[in-house]
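The structure under discussion appears below in the form of structure tokens.
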Amino acid sequence: MYTLSSRLKLTAIIFMIVGAIGLVYSFIAAPDTIEDVKEMLADDSHQDSEEAAVLENDIHLANPEHVEDDHLIAEENEGAEAHAEEATHDNEHYEHLLHQLQNKPWAAVYIAAFFFFMIALGTMAFYAIQQAAQAGWSPVLFRVMDGITAYLLPGSIIMFILLALSGMHLNHLFIWMDPEVVAHDELIQNKTAYLNVPFLLIRAAIYIAGWNIFRYLMRRNSLRLDEATDDRLHKTNFKLAAGFLVFFLISESMMSWDWIMSIDPHWFSTLFGWYVFSSMIVSAVTMIALVTIYLKSRGYLEYVNDSHIHDLAKFMFGFSIFWTYLWFSQFMLIWYSNIPEEVTYFITRIEDYNLPFFGMVVMNFVFPVLLLMNSDYKRLNLFVIMAGIIILCGHYLDIFVMIMPSTVGESWFIGIPEISALLMFAGLFVFIVFSGLTKAPLLPKRNPFIKESKHFHY
């Protein structure tokens, strides 16, 4: 039986506390009014304005005749109507910027919450694949997967709460939830039958209930199988796993449309559900590998050997290639067709998010290939850990680039809100997962394939 060390528990709690403090500060520091935005911009541009004024004065001194011309032009453009139009335009710009800056801590929380939630859901899917495939190599890892899926319930509830808070207009993450925006946007109006808050929450409740019911039943049967005298519960879990995979493939696609793609309701991709799935599954397998290596280093999982680690690393490598294939397919098809309604999605990310957009491709493809292509490297914990950390950071950036451009726009940077949210949810994830690992023996006793898994070598 695994025992949660006080050091790991303390570290997780510290992460949660530090992250929570940072997030509280981020929400407090966010501007409340247009005047706050103007003041922030004035402070940021004060030095630049002084330099520009000096430069303009030098130009006027060098060309004195331009001064008189400027005064004449200014006098001609004066008028109440011009001033009113300019003021309206400025107010609209500042209001848009206000919403972006207010979204920043919300978006940081949303990204971190979804990132760790998707790891738990992806682990559940990978676990179901192993059960449905009757895999002989992986049963010694089943309780590790069970521990990671312990985060599925709290993680999915957090996501539901964030969606509900968005529906209560406490933030502007989903512009289609704003009646004023919908009133002037014909494209969103045509989608209101699907994109409306009550229906969104109903769908979310169905997804979450389905995922967690399947997880509860499979976990319960797995524990009861340890004390059973026959394989009836194993056969039941086989059927449950097959049913879960059918439900998962449908619900995961719809979830990705609802929770991520609808943040930018003017754009869509028929590959998007698969793209999110690829990010989810590679992150999940990576987390399984890292937790397994950690437990093995602490003296647990005595039957896990380098062949098991090698197989996990193969999945990390393979799913990284799969993610790259889907990323390239989605990007190149849209870019090559150059349809304005579609290509603007990537133009925004290339122009305003150039470093994270292309950086995640390097982290999610180039580094895994370099570190894990060699078969011998897949058996070395050091290489698997290095590749795993890079993959997880790369897929966090993937979620970041999916959500930030439509919620924060050009006002992005990875600062206190993003780091705090990541720390808080990382601490919560570690605490729940490793607490879950303490609730059952780490080795299933009566799985029909447990002997094969114990002696898995090649």
key: P31 versus L101, closest heavy-atom pair with distance   = CG-CB, 3.7 Å
request  = Please list, chain by chain and in numerical order, all residues satisfying ring-ring contact (aromatic ring centres under 6.0 Å, His included) with Y377, sequence neighbours excluded.
outcome  = F383
query = Between S222 (side chain) and M218 (backbone), is there a donor-acceptor pair under 3.5 Å?
reply = no
request  = Report the C-alpha separation of D306 and K378 in whole Å, then their side-chain angles, then the decisive distance to 0.1 Å, and conclude whether the salt bridge (charged side-chain N to carboxylate O under 4.0 Å, His left out) test is met.
outcome  = CA-CA 8 Å; D306 60 355; K378 295 186 182 75; over 6 Å; no
message = Classify the ring geometry of F456 against W137: parallel below 30°, tilted from 30° to 60°, perpendicular beyond 60°.
response = tilted
task = State whether the number of non-hydrogen atoms from other residues, nucleotides or ligands found under 6.0 Å of F358 atom CZ is greater than 12.
result = yes
query = Should we count CZ of F272 as having more than 12 external heavy atoms under 6.0 Å?
reply = yes
inquiry  = For F346 and W335, I'd like to know if the aromatic rings sit close, meaning centre-to-centre distance below 6.0 Å.
reply    = no
key: R220, CZ: over 12 other non-hydrogen atoms inside 6.0 angstrom   = yes
ask   = Would you say K445 and I450 make side-chain contact, with heavy atoms under 4.5 Å?
value = no
task = Rounded to the nearest 0.5 Å, what's the gap from CZ on R7 to CG on L10? Could you check?
result = 9.5 Å
query = How long is the gap from CG on L121 to CD1 on I281, to the nearest 0.5 Å?
reply = 9.0 Å
request  = Measure from the side-chain N and O atoms of D185 to the backbone N and O of V181, and report whether any donor-acceptor pair falls under 3.5 Å.
outcome  = no
task = Going by the ring pair (Phe, Tyr, Trp, His ring centres under 6.0 Å) test, name the single residue among F365, Y275, F357, W274 that passes it with W327.
result = F357
message = Quick check: closest heavy atoms across S337 and E342, and the distance to 0.1 Å?
response = OG-OE1, 4.0 Å
request  = Return yes if a side-chain donor-acceptor contact under 3.5 Å exists between H308 and N305, otherwise no.
outcome  = yes
query = Within the distance-only criterion (no hydrogens, no angle test), does the side chain of Y353 pair as donor or acceptor with the backbone N or O of G409 below 3.5 angstrom?
reply = yes
message = Checking Y110 against N171: is there a side-chain donor and acceptor pair closer than 3.5 Å?
response = no
query = In Å, rounded to the nearest 0.5 Å, how long is the span from CE of M363 to CG of D398?
reply = 11.0 Å
message = Parallel, tilted or perpendicular: which one describes the rings of W267 and Y345, with boundaries at 30° and 60°?
response = parallel
key: Test item: L437 and L295 side chains (from C-beta on) under 4.5 Å apart, heavy atoms   = yes
message = Just so I know, are the side chains of Y127 and R219 near enough to count as touching, which here means a heavy-atom distance under 4.5 Å?
response = no
query = Which pair of non-hydrogen atoms, one from S420 and one from L23, has the smallest distance, and what is that distance?
reply = CB-N, 3.7 Å
query = Within 45 degrees of the axis of the six-membered ring of Y194 and under 6.0 Å from its centre: does R203 put its NZ or CZ there?
reply = yes
request  = For residues A107 and T407, report the shortest heavy-atom separation together with the two atoms involved.
outcome  = CB-OG1, 3.7 Å
task = Can you see which heavy atom on L217 is nearest to which on N237, and at what distance?
result = O-OD1, 4.1 Å
Residue pair F248, M124: steps toward the side-chain contact (heavy atoms from CB on, under 4.5 Å) verdict = CA-CA 10 Å; F248 170 79; M124 184 66 200; over 6 Å; no
query = Does a side-chain heavy-atom distance below 4.5 Å link D264 with T348?
reply = no
inquiry  = Between W412 (side chain only) and D352 (backbone N and O only), is there a donor and an acceptor less than 3.5 Å apart?
reply    = yes
query = So, F315 versus F126, ring centres under 6.0 angstrom or not?
reply = yes
request  = Among D226, D230, D231, find the one that has a salt bridge (charged side-chain N to carboxylate O under 4.0 Å, His left out) with R446.
outcome  = D231
message = Before we go on, tell me: are the rings of F429 and F116 under 6.0 Å apart, centre to centre?
response = yes
task = Mark yes when over 12 heavy atoms from residues, nucleotides or ligands other than K314 sit less than 6.0 Å from its NZ; otherwise mark no.
result = yes
task = Evaluate the side-chain proximity of L173 to V109: yes if any heavy-atom separation is below 4.5 Å, no if none is.
result = no
task = Could you tell me the separation between the CZ atom of F319 and the CE atom of M280, rounded to the nearest 0.5 Å?
result = 12.5 Å
ask   = Are more than 12 heavy atoms from other residues, nucleotides or ligands located less than 6.0 Å from atom NZ of K454?
value = yes
task = Using atom types as modelled and distance alone, determine if a side-chain donor or acceptor of S297 lies under 3.5 Å from a backbone N or O of Y294.
result = yes
message = Can a donor-acceptor pair be found, under 3.5 Å and without considering hydrogens, that links the side chain of Q330 to the backbone of S269?
response = no
Heavy-atom closest pair, residues M424 and M16 = O-CG, 3.5 Å
message = With a 4.0 Å cut-off on N to O distance, would you call D146 and R215 a salt bridge?
response = no
request  = Side-chain contact test, heavy atoms from C-beta onward, threshold under 4.5 Å: evaluate it for I175 versus P265 and give yes or no.
outcome  = yes
ask   = Under the 6.0 Å and 45° cation-pi test, does K104 pair with F413?
value = yes
task = Quick one: pull up CG in L187 and CD in E341 and give me the separation to the nearest 0.5 Å.
result = 8.5 Å
inquiry  = How about CD on E410, more than 12 heavy atoms from neighbouring residues, nucleotides or ligands closer than 6.0 Å, or not?
reply    = no
query = For atom CZ of F268, is the number of surrounding heavy atoms from other residues, nucleotides or ligands below 6.0 Å larger than 12?
reply = no
ask   = Just wondering, are more than 12 heavy atoms of other shown residues or ligands nearer than 6.0 Å to CZ in F15?
value = no
task = Could you go through the side-chain contact (heavy atoms from CB on, under 4.5 Å) check for L392 and S283 one step at a time?
result = CA-CA 6 Å; L392 290 179; S283 300; 4.1 Å; yes
Test item: R143 side-chain N/O and A440 main-chain N/O as donor-acceptor pair under 3.5 Å = no
message = Return the CZ to OH distance between F434 and Y2, rounded to the nearest 0.5 Å.
response = 5.0 Å
ask   = Do any N or O atoms from the side chain of T149 and from the backbone of L152 form a donor-acceptor pair under 3.5 angstrom?
value = no
query = Taking only residues two or more places apart in sequence, or in another chain, which ones meet F117 in a ring-ring contact (aromatic ring centres under 6.0 Å, His included)?
reply = F114, W211, W259
message = Run the side-chain contact (heavy atoms from CB on, under 4.5 Å) test on L442 and E302 for me, step by step, so that the C-alpha distance in whole Å, both residues' side-chain angles and the decisive distance to 0.1 Å come before the verdict.
response = CA-CA 10 Å; L442 291 180; E302 59 179 316; over 6 Å; no
inquiry  = Check the orientation of F174 and W176. Use parallel for under 30°, tilted for 30 to 60°, and perpendicular for over 60°.
reply    = perpendicular
side-chain contact (heavy atoms from CB on, under 4.5 Å) between L312 and L141, worked out = CA-CA 10 Å; L312 288 173; L141 303 173; 4.0 Å; yes
remark   = side chain to side chain contact (heavy atoms under 4.5 Å, CB included) test vs S278 passes for just one of L271, I321, L326, namely L326
ask   = Counting distance only, does the side-chain N/O of S253 pair as donor-acceptor with the main-chain N or O of L249 below 3.5 Å?
value = yes
D258 side-chain N/O to L200 backbone N/O, donor-acceptor pair under 3.5 Å = no
